[in-house]
**Student:** 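Got a structure for you, written out below as structure tokens; questions coming shortly.
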Number of protein chains: 2
Amino acid sequence: MLVNKKIISRFSQYRKALIRFQELGLIKVFSDSLGEAVGVTSAQVRKDFSLYGISGNKRGGYQIQDLLDELQSILGKDKVHDVVVVGIGNLGQALIHYGGFEKENIHIIAGFDIDPAKLSKSSRIPVYHLDELNTFVCQNNIEIGILAVPDAAAQHVCDIMVESDIKGILNFAPIGLKAPADVVINNVYLQAELENVIYFVNALENKCKRCKKQ
Amino acid sequence: MLVNKKIISRFSQYRKALIRFQELGLIKVFSDSLGEAVGVTSAQVRKDFSLYGISGNKRGGYQIQDLLDELQSILGKDKVHDVVVVGIGNLGQALIHYGGFEKENIHIIAGFDIDPAKLSKSSRIPVYHLDELNTFVCQNNIEIGILAVPDAAAQHVCDIMVESDIKGILNFAPIGLKAPADVVINNVYLQAELENVIYFVNALENKCKRCKKQ
DNA sequence: TAGATTGTTAATCGATTAACAATC
DNA sequence: TAGATTGTTAATCGATTAACAATC
């Protein structure tokens, strides 16, 4: 796969950095400075862009606005994407209350749960019963769903989402979900990310201790 | 780097899957079934284990309990890790209210913010002013912090955390944080993860359209 | 024993980087 | 022009996988 997850992640980060540059009043960047802002080499930046046919000016760097236009279109930021959140626990709640996605053209338009206490059809972002997911997705042409239910329910709820014809799932349950090949699944395992930090902090400490002993 | 982020992430996932297997009453697994549960090849599983000197029985697979013991110790699950959350917005709040980390020996013991409205010293998990971070970290021997502040504040707050002698940061701001080499930083960019799903859903759709045209 | 699974080596695959010619 | 930066190729690096001998 020539175009992979990582390059698209970097595009998201380039975009964020370019917006910050623009806010500072800058007009153009070099692969060098953009790479530094994101934490990658300048070669990486140029390679990424050239893969997508994005070109700058030899000696003159890249026009920030041009880059942004290209990245917007690659990342689909030129149109609104409606998203639903399934599972209104702590994380699901945080996501539907977080206002930051709005201005990024990602609109979270509804939540779903099975707990009657969580339902509220009249909130700014309504929360419906999971039974209504199918109809809602169909009527509103939803393609993307965020899955934030307890581990034990994850595969089952995933099946329901797929059944409803959701085409992409951002999954927070630490489970290797099974789904048809035409459904995109992207996993974020928060506990694993935290354990990663813990592991490397310990690893580094042990290395230091060993160094001191010598 | 022979031991990288990815292998440790897989260890976290193996562990979760093994716990599920154990709950089902299973005593041993094969690299095959464990790989399937996590979504990797059996070769990957055996390679990962052999890198850490974890061995099974030829023909007999691996004892789940033995594996768990090894993974617990690699991931540092045999002792409690205290963690603080800096930035009590939607995400920070979700993290300190999420109870699931407790039984995983990851204890979130305090939050920090600068907004007076967010402070509450008497909650189950108290939220203090950022000014108190230094003292708190020192007194409680904190090594790990979760950074969940607005983008614009991220680098500044990161500096404060490093200053307080925090050694590992799980960062949610889409910024390539600058920190000394002995500070471990692990980035989770939720918006980028969502944009990833959006990108690949679109990419797949376009491919299908093209297929149908032919 | 025959069959199945591990552990490991070697091959493959893919992503990153170094380097430099092209050129503004 | 001289100098700096792009765009791209080739080299490197690292991670994954295939394959199979060892062996329970």
Side-chain angles (χ1 to χ4, degrees), chain A residues 1-14 17-18 21 26-68 70-71 74 176 187 192 196 199-200 203, chain B residues 1-14 17-18 21 26-68 70-71 74 176 187 192 196 199-200 203:
Chain A
M1 162 163 63
L2 204 72
V3 175
N4 59 18
K5 256 195 67 164
K6 277 175 145 181
I7 202 178
I8 301 300
S9 266
R10 283 196 299 268
F11 279 164
S12 286
Q13 287 178 258
Y14 295 149
L18 288 166
F21 284 152
L26 300 180
I27 300 297
K28 56 183 194 178
V29 280
F30 301 124
S31 57
D32 215 21
S33 38
L34 185 54
E36 210 232 336
V38 168
V40 302
T41 63
S42 63
Q44 182 77 268
V45 173
R46 295 197 299 275
K47 190 74 192 275
D48 285 346
F49 287 167
S50 94
L51 261 174
Y52 273 76
I54 301 174
S55 54
N57 311 314
K58 303 218 177 198
R59 251 218 78 191
Y62 302 82
Q63 295 288 318
I64 292 179
Q65 191 56 57
D66 291 356
L67 282 183
L68 277 173
E70 298 272 12
L71 293 178
I74 291 169
N187 301 299
N196 241 287
Y199 175 88
F200 284 105
Chain B
M1 163 162 63
L2 204 71
V3 174
N4 59 18
K5 256 196 68 162
K6 278 176 144 179
I7 202 178
I8 301 300
S9 266
R10 284 197 299 268
F11 279 163
S12 285
Q13 288 179 256
Y14 294 149
L18 288 166
F21 284 153
L26 300 179
I27 300 298
K28 55 183 196 179
V29 278
F30 302 123
S31 57
D32 214 22
S33 39
L34 184 54
E36 211 233 335
V38 168
V40 302
T41 62
S42 63
Q44 182 77 268
V45 173
R46 295 196 300 276
K47 190 75 193 275
D48 286 345
F49 287 167
S50 94
L51 262 175
Y52 273 77
I54 301 173
S55 55
N57 311 313
K58 302 217 178 199
R59 248 219 79 191
Y62 302 82
Q63 295 289 318
I64 291 178
Q65 191 56 58
D66 292 354
L67 281 183
L68 276 174
E70 298 272 13
L71 293 179
I74 291 168
N187 301 300
N196 240 288
Y199 176 87
F200 285 105

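Throughout, a chain's letter reflects where its sequence line sits, starting with A, and its residues are numbered from 1.
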**Student:** From CG of B:Asp48 over to P of D:dG14, roughly how many Å is that when rounded to an integer?
**Tutor:** 17 Å

**Student:** Could you state the CG-C1' distance from A:Leu51 to C:dG14, rounded to the nearest angstrom?
**Tutor:** 12 Å

**Student:** Just the rounded figure in Å: distance from C1' of C:dT6 to CG of B:Asp66.
**Tutor:** 15 Å

**Student:** For A:Tyr62 and D:dG7, is the shortest distance between a side-chain N/O and OP1 or OP2 below 4.0 Å?
**Tutor:** yes

**Student:** Can you measure B:Ile7 atom CD1 to D:dG14 atom P for me and round it to whole angstrom units?
**Tutor:** 15 Å

**Student:** For the residue pair A:Phe49 and A:Phe11, does the interplanar ring angle fall in the parallel (under 30°), tilted (30 to 60°) or perpendicular (over 60°) class?
**Tutor:** parallel

**Student:** B:Ser55 near the nucleic acid: base, sugar-phosphate alone, or nothing, with a heavy-atom cut-off under 4.0 Å?
**Tutor:** sugar-phosphate

**Student:** Can you measure B:Tyr52 atom OH to C:dT8 atom P for me and round it to whole angstrom units?
**Tutor:** 16 Å

**Student:** Under 4.5 Å between any side-chain heavy atoms of A:Ile54 and A:Ile74, yes or no?
**Tutor:** yes

**Student:** Could you tell me how far apart B:Phe30 (CZ) and C:dA4 (P) are, to the nearest whole angstrom?
**Tutor:** 11 Å

**Student:** Summarise protein proximity over nucleotides 17-24 of chain C in one line of letters, 5' to 3': B for base, S for sugar-phosphate only, - for none, counting protein heavy atoms closer than 4.0 Å.
**Tutor:** BBB--BSB

**Student:** Considering the terminal five base pairs at each end of the helix from C:dG3-D:dC24 to C:dC24-D:dG3, what angle separates the two local helix axes, rounded to 10°?
**Tutor:** 10°

**Student:** Would you check if B:Leu71 and B:Tyr14 make a side-chain contact, meaning some heavy-atom pair closer than 4.5 Å?
**Tutor:** yes

**Student:** Tell me the interatomic distance from B:Gln63, atom CD, to C:dT5, atom C1', rounded to whole angstroms.
**Tutor:** 14 Å

**Student:** Can you sort out the partners of A:Asn187 under side-chain contact (heavy atoms from CB on, under 4.5 Å), two or more places apart, ordered by chain and number?
**Tutor:** A:Asn171, A:Ile185, A:Tyr189

**Student:** Verify the contact: side-chain N or O of B:Lys6 to OP1 or OP2 of D:dG14, cut-off strictly under 4.0 Å; return yes or no.
**Tutor:** no

**Student:** What is the distance, to the nearest angstrom, from the CG atom on A:Asp32 to the P atom on D:dA4?
**Tutor:** 13 Å

**Student:** Does some side-chain heavy atom of A:Phe21 sit less than 4.5 Å from a side-chain heavy atom of A:Leu34?
**Tutor:** yes

**Student:** Say whether, by atom type as modelled, one donor and one acceptor occur between the side chain of B:Asn4 and the main chain of B:Ile7 under 3.5 angstrom.
**Tutor:** yes

**Student:** Would B:Tyr62 and B:Asn57 count as having a side-chain donor-acceptor pair, cut-off 3.5 Å?
**Tutor:** no

**Student:** Can any side-chain N or O of B:Thr41 pair as donor or acceptor with the backbone N or O of B:Gln44 at less than 3.5 Å?
**Tutor:** yes

**Student:** Without swapping roles, check the side chain of A:Asn196 against the backbone of A:Tyr199 for a donor-acceptor pair under 3.5 Å.
**Tutor:** no

**Student:** Select one nucleotide: of C:dT16, D:dG7, D:dT16, the one nearest the side-chain heavy atoms of A:Arg10.
**Tutor:** C:dT16

